[in-house]
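The figures here come from the full heavy-atom set of this structure, side chains too, leaving out hydrogens, waters and symmetry mates. This one's a predicted model, so the numbers in the text were calculated from it and none came from an experiment.
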Amino acid sequence: MGFGASLPRARPLQLSSSLYGEPFSSSSSSTLFIGGPFAPAPSTLTGSKLHFRKLVIVSKRISGLEEAMRIQRQKELRATKNFKRRIPLRPGRVSPRLLVPDHIPKPPYVNSTSLPELSSEHQIHDSEGISRMKAACELAARVLDYAGTLVRPSVTTNEIDKAVHQMIIEAGAYPSPLGYGGFPKSVCTSVNECMCHGIPDSRQLQDGDIINIDVTVYLHGYHGDTSKTFLCGNVSDGLTRLVKVTEECMEKGIAVCKDGASFKKIGKRISEHAEKYGYGVVERFVGHGVGTVFHSEPVILHHRNDKPGSMVEGQTFTIEPILTLGSTECKTWSDNWTTLTADGSPAAQFEHTILITRTGAEVLTKY
């Protein structure tokens, strides 16, 4: 479950494409040439005087691969036009909060409706802590996989929430989102243009939807946090590519992690890959430290940034980029949770909890 942050932005020079205005960064490997005045053949002849029109040539050298990707991207954008004509998300009916048996240990925030502040404590574990983190994360991964099997047209997100809740409590764990800052459900379900923190309700999934399911469990005093975007029925090529590239971005962010590596490498690698396809990277929602505390330092930025700090062996945190087909700006419903893209364009997200090792990073939310 991602954490929202208001952070200073460091943006590269950007050029805007058509339709959604996706950024194509000037920091890419291609070379941008902005030429000076150029005099072509005479345009008019008046008496003995020649008049020339002054032009400025702006060109970009692109490789064959980049050109092929540009063409493919244009096809995908055309394919998403039909998606934009679909009925926008509207709040559905939210059923009452589900109960958790008294014998299951609960995190300290469940008795408060106030949103906990981000803890300044980095989650760095000894061998026992790592063992407990692995157990919590493995359970979260199993629950998420099970939730994915429920995704099909006509199923409601509330039905997914009930099934996830039941699986978690049967394992003796607590669904971490339930009661966090007043969140009323056990899982986040974010459909189509919903970036994150969607509240499960009575809305039925439709053929062609995409849905992110965000699962966090609290087991033996430790949180395991993971999410994945699933395809519902027959999904367009454009949305399928968005989902695929978002997962690739997460994986590329994980690949740079190891003891001593700087946190800013994560955002750089994610942005480089997203920009190849013209996708936007959402800045407002970030990864976070996770362990005995649900949300803590370090804040993990998924966009290019100059945030200081380095990773430490034994540390656990999440990487959870959100990519969009259009605007990366957002709007939040009156429930103070459900957050959508400002222009209604689709968004996708993937998340893993990772453990920093001496030579790399171990993904804990898998089995």
Take F285 and H197, measure what ring pair (Phe, Tyr, Trp, His ring centres under 6.0 Å) needs, and give me the verdict at the end. CA-CA 10 Å; F285 295 99; H197 301 161; 5.4 Å; yes
Heavy-atom distance under 4.5 Å between the side chains of [X] and [Y], does that happen here?
| X | Y | result |
| --- | --- | --- |
| L118 | E297 | yes |
| Y174 | V217 | no |
| C249 | V245 | yes |
| S176 | Y109 | yes |
| L178 | F183 | no |
| I266 | L301 | no |
| N192 | P346 | no |
| P116 | Y180 | yes |

Can a donor-acceptor pair be found, under 3.5 Å and without considering hydrogens, that links the side chain of T157 to the backbone of P200?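 Looks like no, no N/O pair under 3.5 Å.
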Are the side chain of E170 and the backbone N or O of M167 linked by a donor-acceptor pair below 3.5 Å?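 A pair under 3.5 Å: no.
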[Y] versus [X], side-chain donor and acceptor atoms under 3.5 Å:
| X | Y | value |
| --- | --- | --- |
| D343 | S327 | no |
| T338 | D335 | yes |
| H122 | Q315 | yes |
| N158 | D201 | no |
| T353 | T365 | no |
| D225 | H352 | no |
| K185 | S95 | yes |
| T316 | H125 | yes |

Could you tell me which non-hydrogen atom of [X] sits nearest to which non-hydrogen atom of [Y], and how far apart they are?
| X | Y | answer |
| --- | --- | --- |
| H223 | P107 | CE1-CB, 4.2 Å |
| G208 | L239 | O-CD1, 4.0 Å |
| C330 | T339 | CB-CG2, 3.5 Å |
| S271 | H303 | OG-CA, 3.3 Å |
| A347 | T341 | CB-CG2, 4.1 Å |
| K106 | D102 | NZ-O, 3.6 Å |

Is there a path of hydrophobic side-chain contacts, each under 4.5 Å between heavy atoms of I, L, V, M, F, W or Y residues, that connects [X] with [Y]?
| X | Y | answer |
| --- | --- | --- |
| L219 | V290 | no |
| M250 | M311 | yes |
| V164 | I211 | yes |

Answer yes or no: is there an ion pair linking R304 with E275, defined by an N-O contact shorter than 4.0 Å?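 Judged by the 4.0 Å cut-off on N to carboxylate O distance, R304 and E275 do form a salt bridge.
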Looking at E313 and K258, is there a salt bridge between them, counting it only when a charged N and a carboxylate O are closer than 4.0 Å?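 Salt bridge flag = no for E313 with K258.
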Hey, what's the ring geometry for F263 with F317, parallel, tilted or perpendicular (30° and 60° as the breaks)?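 Aromatic pair F263/F317 classed perpendicular.
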Geometric class of the Y277/H273 ring pair [parallel <30°, tilted 30-60°, perpendicular >60°]: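 Ring orientation of H273 relative to Y277: perpendicular.
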Nearest 0.5 Å, what's the [atom1]-[atom2] distance between [X] and [Y]?
| X | Y | atom1 | atom2 | answer |
| --- | --- | --- | --- | --- |
| D161 | L98 | CG | CG | 5.5 Å |
| Q123 | T318 | CD | OG1 | 11.0 Å |
| L99 | I104 | CG | CD1 | 11.0 Å |
| L323 | H302 | CG | NE2 | 10.0 Å |
| S186 | I160 | OG | CD1 | 13.0 Å |
| L89 | D209 | CG | CG | 8.0 Å |

Hey, mind stepping through M195 and V282 against side-chain contact (heavy atoms from CB on, under 4.5 Å) and telling me if it holds? CA-CA 9 Å; M195 288 182 175; V282 174; 3.7 Å; yes
Taking it one step at a time, do K228 and E247 satisfy salt bridge (Lys or Arg N to Asp or Glu O under 4.0 Å)? CA-CA 8 Å; K228 180 178 181 178; E247 184 172 21; 5.6 Å; no
Give the intermediate values and the outcome of side-chain contact (heavy atoms from CB on, under 4.5 Å) for residues D214 and S190. CA-CA 8 Å; D214 192 333; S190 303; over 6 Å; no
Check the pair R152 / V155 against side-chain contact (heavy atoms from CB on, under 4.5 Å), numbers first and verdict last. CA-CA 6 Å; R152 60 183 180 274; V155 170; 3.5 Å; yes
Would L325 and Y279 count as a side-chain contact (heavy atoms from CB on, under 4.5 Å) here? Give the steps. CA-CA 5 Å; L325 275 179; Y279 298 142; 3.4 Å; yes
Under the criterion salt bridge (Lys or Arg N to Asp or Glu O under 4.0 Å), I'd like the reasoning laid out for K252 against E248: C-alpha separation, chi angles, the key distance, then a yes or no. CA-CA 6 Å; K252 288 182 180 294; E248 291 171 354; over 6 Å; no
Steps toward salt bridge (Lys or Arg N to Asp or Glu O under 4.0 Å) verdict (E128, R132): CA-CA 6 Å; E128 181 180 356; R132 292 192 177 196; 3.3 Å; yes
Return a table of donor-acceptor pairs under 3.5 angstrom between the side chains of residues 142-151 and protein atoms on other chains or two or more places apart.
residue: R142; atom: NE; partner: E138; partner atom: OE2; Å: 3.2
residue: R142; atom: NH2; partner: E138; partner atom: OE2; Å: 3.2
residue: D145; atom: OD2; partner: Y367; partner atom: OH; Å: 2.8
residue: T149; atom: OG1; partner: Y146; partner atom: O; Å: 2.5

